[in-house]
Enquirer: 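I have a structure here, written as structure tokens, and I will follow up with some questions on it.
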Amino acid sequence: FMTLFALAVAAMCAGIPVPDTETSGAVREALPLLGGQLARFQAAYPVWSKFAAGFMLLFAGMCTGRISIRYNLYTVGTCLPIPLYAIVACGIATGGNYLAGFAASMLLALATKNYCRAFCNGYGFDAIFRASLYLGLMPLIYAPALPLLLLLPLAVLLFRRTFREVVVATAGLLLPIFTACYVSWGSGAEFTAPLVTVGQSAIEGMPLQLFLDIPLPALVMAGGIVLLDLTALFFFLADIYAAGTKPRFILFYNIGILVLALTLLCSPAATPEAFALLAVPSAILIPVFFVRIHRGMALPVYLVFLAAAFAG
């Protein structure tokens with residue numbers, strides 16, 4: 001937790017860039033509806049925004065760490081996901097609209113936590129509704145996160161939920177956008193205006209443009225994180241039955257999140273805020289690599305990435 005706290009303080013105090021005028025228009029288009037409100041709040045109250053973003057970092061990091069501890073994902077007790085979340089979320093690149101980026105990351109952590117809770121004997125209506133509600137809020141805050149809505153059918157298939165739970169989950173997923181449509185209609189605009197806005201904001205731009213916009217050190221850091229993810233994936237698949245049934249399916253689910261998050265980074269509308277979404281699956285998957293190699297190798301690799309995150 002102290003590592004998470006130190007990285008959050010460093011990011012809020014020294015790592016927040018000022019959005020330049022050339023890219024601010026594209027960033028605003030990626031932040032419709034609730035994301036636009038957060039961007040305006042950030043511009044009007046920068047100090048309070050940093051406090052709020054720091055709290056989101058701490059909350060999401062602890063939420064991600066509790067998933068691994070509660071379900072014993074690695075067959076050994078470890079709190080590595082807690083600092084790893086901060087290393088990825090703060091160490092790669094922090095966009096100018098950091099408040100919306102960290103809010104979307106926090107919602108992804110909450111959705112993951114509740115989908116894991118829904119993997120149970122009997123019905124899990126409460127957990128799957130909450131998870132889908134958090135998932136449905138994400139595109140309203142950060143439009144390029146639209147592909148992550150596929151996490152709902154992935155969770156239903158992997159965790160073998162019933163038709164009744166699917167109906168409840170679908171209601172939770174659609175509630176935020178339908179509420180936005182109702183508010184739009186009540187204010188005199190078109191009922192479908194929010195749907196059109198989110199859809200257009202999610203596809204405008206040039207594919208892979210994000211990797212041309214971020215500085216080289218952040219690009220190297222992102223490449224290192226993805227390399228660690230792939231190495232952890234290899235270790236997991238090489239000994240897939242080392243974990244129990246529930247931990248194994250939860251790790252499979254996080255592999256799906258990782259694939260969608262990497263796809264999101266390559267989307268036309270992606271901005272540096274999208275790296276905060278990569279932090280959730282990476283923080284859960286990378287410890288698979290660390291706990292299965294010798295400490296003499298694991299510690300230097302961890303310290304190198306930690307130092308790179310602070311330097312970033």
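Side chains are part of it too, since the values below use all heavy atoms of this structure and drop only hydrogens, waters and symmetry mates. Everything numeric here is computed off the predicted structure, so don't read it as measured data.
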Enquirer: Sequence neighbours left out, what passes ring pair (Phe, Tyr, Trp, His ring centres under 6.0 Å) with F1? Give chain and number order.
Expert: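 Partners of F1 under the ring pair (Phe, Tyr, Trp, His ring centres under 6.0 Å) test: none.
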
Enquirer: Give me the ring orientation class for Y98 and F102: parallel if the planes are under 30° apart, tilted from 30 to 60°, perpendicular past 60°.
Expert: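 Taking F102 first and then Y98, their aromatic rings sit tilted (interplane angle of 30° to 60°).
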
Enquirer: Decide if the gap between the ring center of Y74 and the ring center of F290 is smaller than 6.0 angstrom.
Expert: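 Ring-ring flag for Y74/F290: false, centres at least 6.0 Å apart.
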
Enquirer: If we count only N and O atoms by modelled type, under 3.5 Å, do the side chains of T271 and Y142 hold a donor and an acceptor together?
Expert: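 Result is yes, a qualifying pair exists.
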
Enquirer: Going through the checks in order, is the side-chain contact (heavy atoms from CB on, under 4.5 Å) test met by Y302 and L80?
Expert: CA-CA 10 Å; Y302 172 77; L80 267 176; 3.9 Å; yes

Enquirer: Hey, any chance I177 and W185 share a hydrophobic cluster, counting ILVMFWY side chains that come within less than 4.5 Å of each other, even indirectly?
Expert: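 Different clusters.
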
Enquirer: Would a single hydrophobic cluster contain both V288 and M297, if residues Ile, Leu, Val, Met, Phe, Trp and Tyr are joined by side-chain heavy-atom contacts under 4.5 Å?
Expert: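 In one cluster: yes.
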
Enquirer: Mind checking whether F252 and F236 have parallel, tilted or perpendicular rings, split at 30° and 60°?
Expert: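 Answer is perpendicular, since the angle exceeds 60°.
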
Enquirer: Check whether the ring centres of Y45 and F41 lie less than 6.0 Å apart, and answer yes or no.
Expert: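 Yes: the rings meet the under 6.0 Å criterion.
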
Enquirer: For S282, check side-chain hydrogen bond (donor to acceptor under 3.5 Å, both in side chains) against everything at least two apart and list the hits.
Expert: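 Listed in chain order: D229.
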
Enquirer: Using the rule given for side-chain contact (heavy atoms from CB on, under 4.5 Å), can you reason through S105 versus Y85, listing the C-alpha separation, both sets of side-chain angles and the distance that settles it, and then say yes or no?
Expert: CA-CA 10 Å; S105 183; Y85 174 86; 2.6 Å; yes

Enquirer: Can you tell me if Y253 and T112 form a side-chain donor-acceptor pair at under 3.5 Å?
Expert: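 There is no such pair between these side chains.
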
Enquirer: Would you call the rings of F289 and F235 parallel, tilted or perpendicular, taking 30° and 60° as the class edges?
Expert: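 Perpendicular.
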
